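This report refers to the structure that appears directly beneath it.
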Amino acid sequence: MQTLTLTRPDDWHLHVRDGAMLASVVPDTARQFARAIIMPNLKPPVATVDLALAYRKRILAAVPEGMNFQPLMTLYLTEQTTPDDIHRAADCPHVHAVKYYPAGATTNAASGVRELDRVWPVLEAMQDVRLPLLMHGEVTDSDIDVFDREAVFIERHLSRLVDAFPELPMVLEHITTKDSADFVREGPANLAATVTAHHLLLNRNAMFEGGLRPHHYCLPLIKREQHRQALVQVATSGNPKFFLGTDSAPHPRGAKESDCGCAGIYSARNAMAFYTEVFEDAVALDKLEGFASHHGPDFYGLPRNPDRITLVREEEAVPDQVDFGGEPGVPLRAGGKVRWRPLEG
Ligand code: DOR
Ligand code: ZN
């Protein structure tokens with residue numbers, strides 16, 4: 001039996017929602033990961049420390065007995081966020097970053113930022129206290145092709161941010177292209193990126209395989225094969241600027257199989273299996289621990305996890321659907337198989 005033992009990994013980009021949905025998805029993550037950076041795009045957005053602390057309690061209440069899982073909270077950046085909010089966040093041991101959604105870029109991003117200049121003083125405060133800025137890096141202009149939104153974000157906004165804030169830790173979340181991988185690799189040390197399992201496993205054909213595939217629709221969109229290969233290359237290279245962030249984003253089946261389907265892929269259930277397959281296929285299993293368990297905490301200035309996880313190379317079936325708090329949901333690779341499974345306990 002082939003096994004792989006690693007420092008317990010963390011997920012540096014995760015959506016767990018709220019209420020009944022929260023209760024059914026948190027155990028999937030807690031089984032594999034010690035910590036996760038929790039996205040604040042609830043309705044209303046998690047825009048203050050008080051809201052983040054209350055949300056953290058609800059997440060902890062959903063962690064099954066005997067599992068040790070810590071949610072790392074983030075604040076949703078709005079044009080009403082103040083430097084004072086940032087100082088409060090910096091004083092709170094449970095808030096680890098601020099999430100920047102360009103207004104309208106994705107699910108519940110309506111309260112995001114329209115004009116970057118309006119949040120400039122807030123970014124300055126974040127730089128002063130070294131509170132990381134997590135970016136959904138896409139522009140939303142209707143004249144920009146949806147497949148080019150990330151590239152134009154880099155050109156118009158990220159280049160400027162990188163020049164203006166040399167001491168602000170910044171993470172370009174869920175990168176999807178070779179251009180983004182190159183930009184981050186060649187950028188300054190305060191710039192890093194997360195990479196999802198789905199952007200490493202799939203190219204954009206997956207959205208149209210034999211028909212329209214809503215369960216492969218996410219934002220930023222999955223791109224061409226050449227981009228997928230570039231992402232695999234950087235993720236498996238051992239470069240500490242790249243680390244694991246699933247962007248697992250559950251939506252009920254009906255909300256995706258709809259005439260206006262929601263963006264988001266639920267990968268949390270088999271997240272470590274998916275990443276392990278990618279690294280195995282790239283003949284880079286020796287680089288998995290860095291990507292999944294070391295680079296993230298090192299960038300955030302947090303300790304690496306003291307415990308370990310063992311993955312067994314054994315096929316496991318992925319169910320056709322899972323329960324999202326009383327409604328069905330469709331996990332990534334539903335009805336298929338994964339090659340690795342974490343050992344329980
Ligand atoms: O596909 C996505 N789903 N991308 C995002 O940026 C948000 C997420 C969600 O919250 O559903
Ligand atoms: Zn996300």
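Counting starts at 1 for both ligands and their atoms, following the listed order. Values below: all heavy atoms of this structure, side chains included; hydrogens, waters and symmetry mates excluded. None of the values given here were measured: they were computed from a predicted structure. Residues: numbered from 1 along the sequence shown.
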Handout entry: Y217, any N or O under 3.5 Å of ligand 1 N or O
Key = no

Going by the 4.0 angstrom heavy-atom rule, the piece of N108 near ligand 1 is neither

With distance as the sole criterion, is a donor-acceptor pair present between the side chains of T107 and N41 under 3.5 Å?
no

Exactly one of Q229, R224, E225 clears side chain to side chain donor-acceptor pair (under 3.5 Å) with N203, and that residue is E225

query = Do ligand 1 and P220 have nitrogen or oxygen atoms that lie under 3.5 Å from each other?
reply = no

R17 N/O to ligand 1 N/O under 3.5 Å
yes

Closest to atom 4 (N) of ligand 1 among protein heavy atoms sits L219 O, 2.7 Å

Take F165 and W120 through the test ring pair (Phe, Tyr, Trp, His ring centres under 6.0 Å) and record every step on the way to the result.
CA-CA 10 Å; F165 296 103; W120 216 253; 5.0 Å; yes

Ligand 1 to A249, heavy atom cutoff 4.0 Å, flagged ligand atoms 3 (N), 8 (C), 9 (C), 11 (O)

**Request:** Assess the side chains of Y266 and D28: does a donor N or O sit below 3.5 Å from an acceptor N or O?
**Result:** yes

*asked:* Closer than 4.0 angstrom, basic N to acidic O: yes or no for R88 and D85?
replied: yes

In this structure, NE2 of H15 is separated from CD1 of I37 (nearest 0.5 Å) by 12.0 Å

If we number the atoms of ligand 1 from 1 as shown, the ones under 4.0 Å from a heavy atom of N41 are 9 (C), 10 (O)

Per-atom filter on ligand 1: closer than 4.0 angstrom to a heavy atom of C218 are 1 (O)

Is H251 close enough to touch ligand 1? Criterion: a residue heavy atom under 4.0 Å from a ligand atom.
yes

For T107, the atoms of ligand 1 under 4.0 Å from one of its heavy atoms are 9 (C), 10 (O), 11 (O)

Exactly one of E316, E277, E314, E315 clears salt bridge (Lys or Arg N to Asp or Glu O under 4.0 Å) with R341, and that residue is E314

request  = Walk me through it: do D117 and R160 pass the test salt bridge (Lys or Arg N to Asp or Glu O under 4.0 Å)?
outcome  = CA-CA 11 Å; D117 287 323; R160 194 171 151 231; 2.4 Å; yes

Numbered in order shown, the ligand 1 atoms found under 4.0 Å of a heavy atom of D247 are 4 (N)

Ring-face cation of R333 near F274 (centre distance under 6.0 Å, axis angle within 45°) = no

Atom 3 (N) of ligand 1: closest protein heavy atom, distance to 0.1 Å, is A263 O, 3.0 Å

Tell me whether E150 contacts the main-chain N or O of I175 through its side chain, where contact means a donor paired with an acceptor under 3.5 Å. no

Would I265 count as a contact of ligand 1 if the rule is a heavy atom under 4.0 Å away?
-> no

ask   = Considering residues, nucleotides and ligands other than D182, do more than 12 of their heavy atoms fall under 6.0 Å from its CG?
value = yes

Does T7 offer a backbone N or O that forms a donor-acceptor pair with the side chain of S293 under 3.5 Å? yes

Listed as residue and atom, the protein N/O/S atoms under 2.8 Å from the Zn ion (ligand 2) are H13 NE2, H15 NE2, D247 OD1

Under 3.5 Å, is there a donor on one side chain and an acceptor on the other for T177 and K223? no

Taking both backbone and side-chain atoms of G264, is any N or O found less than 3.5 Å from an N or O belonging to ligand 1?
yes

Going by the 4.0 angstrom heavy-atom rule, the piece of H136 near ligand 1 is side chain

**Item:** Worked verdict on F33 versus F69 for ring pair (Phe, Tyr, Trp, His ring centres under 6.0 Å)
**Value:** CA-CA 7 Å; F33 298 97; F69 172 74; 8.3 Å; no

The protein heavy atom nearest to atom 7 (C) of ligand 1 is T106 OG1, 3.2 Å

